[in-house]
Number of protein chains: 2
Amino acid sequence: MNAERDKLDHAREEFVAQWGALGTQWGINRTMAQIHALLMTAAEPMSTDEVMEALEVSRGNAHTNLKELVAWGLVRPVVRKGERRDYFEAEKDVWHIFTTVARERKRREIEPALAVLAKCAEESREIHTPEGRAFHEQMRQLEEFVGFASKMADRIAGMKHGFAVQLATKLLG
Amino acid sequence: MNAERDKLDHAREEFVAQWGALGTQWGINRTMAQIHALLMTAAEPMSTDEVMEALEVSRGNAHTNLKELVAWGLVRPVVRKGERRDYFEAEKDVWHIFTTVARERKRREIEPALAVLAKCAEESREIHTPEGRAFHEQMRQLEEFVGFASKMADRIAGMKHGFAVQLATKLLG
DNA sequence: TTGTATTTTCAGTATTTTCTGAAAGCAGAT
DNA sequence: ATCTGCTTTCAGAAAATACTGAAAATACAA
């Protein structure tokens, strides 16, 4: 029965392609998203060459994006005994994926924003014109809110899956 | 005392520049982020020409990004009596900004992902090989999680500011 | 109408990002 | 030492994205 295998391959290819397209919208490199999709649905760890072949991309491209995924913590290198080449496997647990992405995005997106806002709030503290006060107040509010969001992200990313579900269920109920 | 005015202008220019740079990291067009920063810190609504001059960009660019901000719901056009040209002002309330962005990102990023996952889960439902089952299960889990996130986003975006703060405080406490 | 102020669109250009192909690097085997 | 198999880097090509400048459309006024 090879029809089953064909159906699976087809579904998987579609998932990879679509996830890549989504990645683009998310501001993520398309190849990176595709590799992630590929590895998330791989039964076994894959080598760089297997990834290259599956996605029809160059070695350089595959390599760069595999490294990037490893840097994000979404993929880990696996060494197979007696084998020289590197294999890679993706984290498959959705909660784990989510917290990893949340932590990384917080670090890359929220923290720099917070720094900017704190600086601008500070710089405008002593301006006593009405416009100056309004500006300062706006910066302060933004800083407060983003700081708040930052702490929330930490809390949520630090939760165990079960606890998060419990909390969220209460929230949705 | 013109030093105050200078300090304010300087602080504001820095905010605009930095917010633009952050926008880039967030996957948002730099000019769009700059206009947003400019309008968030404007005492009065601004015209397209004022924006053009303040940021030294072309009319086409200013126009496109103002429209985009209006489409996002972060900026609204203002008509001034007896004036023909359009003015624009930004929403300044941080909670309102947050819920607007959350709703928009959910629509643009989460919903399409959910559609893809639902389709892939459905397509793989009847594949009874071990790999097929694993694939289906992975799609199912992703779908469940993203659907969950979607509902959460709705809830939070629908909250009144006060309620959200109350909830979050409990969470952080 | 006709004129004037303003907005909108768009073809072409510039910039940024991503990808390739090939060379260089590295480690174990011979 | 040299080879062999694999990884890493990188300069330039290709693709995607953003911006400009100017023309076309629209709206209002005389």
Side-chain angles (χ1 to χ4, degrees), chain A residues 16-39 44-72 75-89 108-109, chain B residues 16-17 19-39 44-72 74-89 108-109:
Chain A
V16 169
Q18 300 267 32
W19 202 248
L22 285 171
T24 304
Q25 291 188 302
W26 280 67
I28 285 165
N29 179 301
R30 200 179 78 245
T31 306
M32 183 171 152
Q34 284 179 327
I35 296 178
H36 186 223
L38 192 69
L39 292 178
E44 297 291 327
M46 295 176 76
S47 68
T48 304
D49 291 74
E50 285 166 342
V51 170
M52 285 169 62
E53 194 189 332
L55 302 181
E56 300 184 39
V57 296
S58 71
R59 181 173 303 284
N61 194 6
H63 177 260
T64 304
N65 287 296
L66 279 166
K67 267 194 81 178
E68 189 69 6
L69 282 165
V70 171
W72 271 72
V75 163
R76 49 183 165 271
V78 181
V79 279
R80 284 182 162 177
K81 58 185 174 181
E83 282 248 35
R84 205 147 133 199
R85 86 178 79 179
D86 272 359
Y87 284 78
F88 300 91
E89 74 181 356
R108 297 181 188 210
E109 297 175 2
Chain B
V16 169
W19 201 248
L22 285 172
T24 304
Q25 290 190 304
W26 280 68
I28 285 165
N29 179 299
R30 200 178 78 246
T31 306
M32 181 171 155
Q34 284 180 328
I35 296 178
H36 185 223
L38 192 69
L39 291 178
E44 297 291 327
M46 297 177 75
S47 68
T48 303
D49 291 73
E50 286 166 342
V51 170
M52 284 168 63
E53 194 188 333
L55 301 181
E56 301 183 42
V57 297
S58 71
R59 180 173 304 283
N61 195 5
H63 178 262
T64 304
N65 287 296
L66 278 166
K67 267 194 81 176
E68 188 69 6
L69 282 164
V70 170
W72 270 70
L74 292 169
V75 164
R76 48 181 166 271
V78 181
V79 277
R80 283 182 165 175
K81 56 184 176 184
E83 282 248 36
R84 199 145 135 202
R85 85 177 80 180
D86 270 0
Y87 285 78
F88 299 90
E89 76 182 356
R108 296 182 189 212
E109 298 175 0

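Below, chains carry the letters A, B, ... as their sequence lines are ordered, and counting in each starts from 1. Below, each value reflects all heavy atoms present in this structure, side chains not excepted, and no hydrogens, waters or symmetry copies. Treat the numbers as computed from the prediction; the structure is a model and nothing was measured.
- A/L39 has its side chain within reach of A/L66: a pair of non-hydrogen atoms, C-beta onward, lies under 4.5 Å apart.
- Residues A/F88 and B/E56 both approach DNA chain D. Their nearest nucleotides, taken by heavy-atom distance, put A/F88 toward the 5′ side.
- In this structure, the side chain to side chain contact (heavy atoms under 4.5 Å, CB included) partners of A/V70, at least two apart in sequence or on a different chain, are A/V75, A/P77, A/F88.
- Under the side-chain hydrogen bond (donor to acceptor under 3.5 Å, both in side chains) criterion, A/R59 pairs with A/D49, not counting sequence neighbours.
- Residue A/M52 contributes atom CE, which lies 14 Å from atom C1' of D/dG5 at whole-angstrom precision.
- Along DNA chain C, read 5' to 3', the first and last nucleotides having any atom under 4.0 Å from a heavy atom of chain B are C/dT4 to C/dT9.
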Generate the contact string for nucleotides 21-30 of chain D. Rules: B means base contact, S means sugar-phosphate contact only, - means no protein heavy atom under 4.0 Å. B-----BB--

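- In this structure, B/E56 has no side-chain hydrogen bond (donor to acceptor under 3.5 Å, both in side chains) partners at least two apart in sequence or on a different chain.
- Considering only residues two or more places apart in sequence or on other chains, A/E109 meets the salt bridge (Lys or Arg N to Asp or Glu O under 4.0 Å) condition with A/R105.
- In this structure the side chain of A/E83 never reaches within 4.5 angstrom of the side chain of A/S47, judged on heavy atoms.
- Proximity of residues 16-31 of chain A to DNA chain D (heavy atom under 4.0 angstrom from any strand atom) is not detected for any residue.
- For the OP1/OP2 pair of D/dT8 and a distance below 4.0 Å, the side-chain nitrogens and oxygens of A/H63 include at least one atom meeting the criterion.
- Taking atom CG of A/L66 as the reference point, atom P of D/dT7 lies 10 Å away to the nearest angstrom.
- Rounded to whole Å, atom P of D/dA18 lies 17 Å from atom NZ of B/K67.
- Evaluation of the side-chain hydrogen bond (donor to acceptor under 3.5 Å, both in side chains) rule for B/E44 yields no partner, not counting sequence neighbours.
- Sorted by first and then second residue, the salt bridge (charged side-chain N to carboxylate O under 4.0 Å, His left out) pairs involving residues 63-72 of chain B (not counting sequence neighbours) are B/E68-B/R108.
- Applying the side-chain hydrogen bond (donor to acceptor under 3.5 Å, both in side chains) criterion to A/E53, with sequence neighbours excluded, gives no partner residue.
- Within the structure, side chain to side chain donor-acceptor pair (under 3.5 Å) pairs that include any residue of residues 24-38 of chain A comprise A/T31-A/N61 (at least two apart or interchain).
- Considering only residues two or more places apart in sequence or on other chains, A/A62 meets the side chain to side chain contact (heavy atoms under 4.5 Å, CB included) condition with A/T48, A/V51, A/M52, A/V57.
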